[in-house]
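Reading through the structure tokens given below for one structure.
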Amino acid sequence: MPGEAQRVIEEFWRIQDSGDYTKLVDLFADDALLEDPVYGTYNGKAAIHQFMSKMVEEMGDRKIHFTIDEICGDDHAVWSRWTMHSPAGTKGGCGIYKVAGGKLTYYRDYMDPPLSE
């Protein structure tokens, strides 16, 4: 049976699959920290909401969506392996998450480097 943190991240991915990233904000603690490798660092729920609003627009405009490949975690920490799909192709990555009291307190993504030509 998955732990509390893994259940939160499974819900995170169910919501993200809908394409409305702003619905993810309720999963974050008020003082959460989100680090994105492309768009930067966001401290607190209000900043994370602004980031998620930007993601709705950016991912829609660029026709990007993500699929989850694997989620593994316990009551406190989770990692996920995902694939980003775009008109240019696919790219892999992973997310690292910390959860306390049923809320995300930390989230960071890492992406595979571009293929060298």
Neighbour count >12 (heavy atoms, 6.0 Å) for atom NZ, Lys23: no
Donor-acceptor contact below 3.5 Å, side chain Glu4 vs main chain Gly102: yes
Gap between atom CD1 of Ile9 and atom CD1 of Ile96 - 0.5 Å precision: 10.5 Å
Hydrophobic cluster membership, with links at side-chain heavy-atom distances under 4.5 Å among I/L/V/M/F/W/Y: are Met84 and Phe51 in one? yes
Report the distance from atom CE of Met59 to atom CD1 of Ile64, rounding to the nearest 0.5 Å. 4.5 Å
What one should report as the nearest heavy-atom pair of Val8 and Val99 is CG2-CG1, 4.0 Å
State, to 0.1 Å, how close Leu104 and Ala32 come at their nearest heavy-atom pair, and which atoms those are. O-CB, 3.4 Å
Would you say that Leu34 contacts Met52 through its side chain, given a criterion of any heavy-atom pair below 4.5 Å between the two side chains? yes
Are the side chains of Trp82 and Met111 in contact, using a 4.5 Å heavy-atom criterion? yes
Show the nearest heavy-atom pair for residues His76 and Asp74, with the distance to one decimal. N-OD1, 2.7 Å
Which atoms form the tightest heavy-atom contact between Ser80 and Ile68, and what is the distance? CB-CD1, 3.5 Å
Could you tell me whether a side-chain N or O of Thr105 sits under 3.5 Å from a main-chain N or O of Lys98, the two making a donor and an acceptor? yes
With the side chain counted from C-beta on, respond yes when Trp79 and Glu70 share a heavy-atom pair under 4.5 Å apart, and no when they do not. yes
Grab the two heavy atoms, one from Ala47 and one from Tyr42, that are nearest each other, plus how far apart they are. O-CD2, 3.7 Å
Consider only side-chain heavy atoms of I, L, V, M, F, W and Y, link residues closer than 4.5 Å, and tell whether Val78 and Tyr110 are in one cluster. no
In Å and rounded to the nearest 0.5 Å, what is the CZ to SG distance from Arg108 to Cys94? 10.0 Å
To the nearest 0.5 Å, what is the distance between NZ on Lys54 and OG1 on Thr22? 15.5 Å
Name the orientation class of the two ring planes belonging to Phe28 and Tyr107 (parallel below 30°, tilted from 30 to 60°, perpendicular beyond 60°). tilted
Cluster link Tyr106 to Trp13, ILVMFWY, side chain under 4.5 Å: no
Which pair of heavy atoms, one from Ala5 and one from Ala77, lies closest together, and at what distance? CB-N, 3.8 Å
Kindly compute the distance separating OG (Ser86) from NZ (Lys63), expressed to the nearest 0.5 Å. 11.5 Å
Run the salt bridge (Lys or Arg N to Asp or Glu O under 4.0 Å) check on Arg14 and Glu11 step by step: do they pass? CA-CA 5 Å; Arg14 275 191 289 279; Glu11 179 65 12; 3.1 Å; yes
Find out if a path of hydrophobic residues (ILVMFWY) with successive side-chain heavy-atom gaps under 4.5 Å connects Val38 to Leu33. no
Roughly how far, to the nearest 0.5 Å, is the CG atom of Asp17 from the CZ atom of Phe12? 10.5 Å
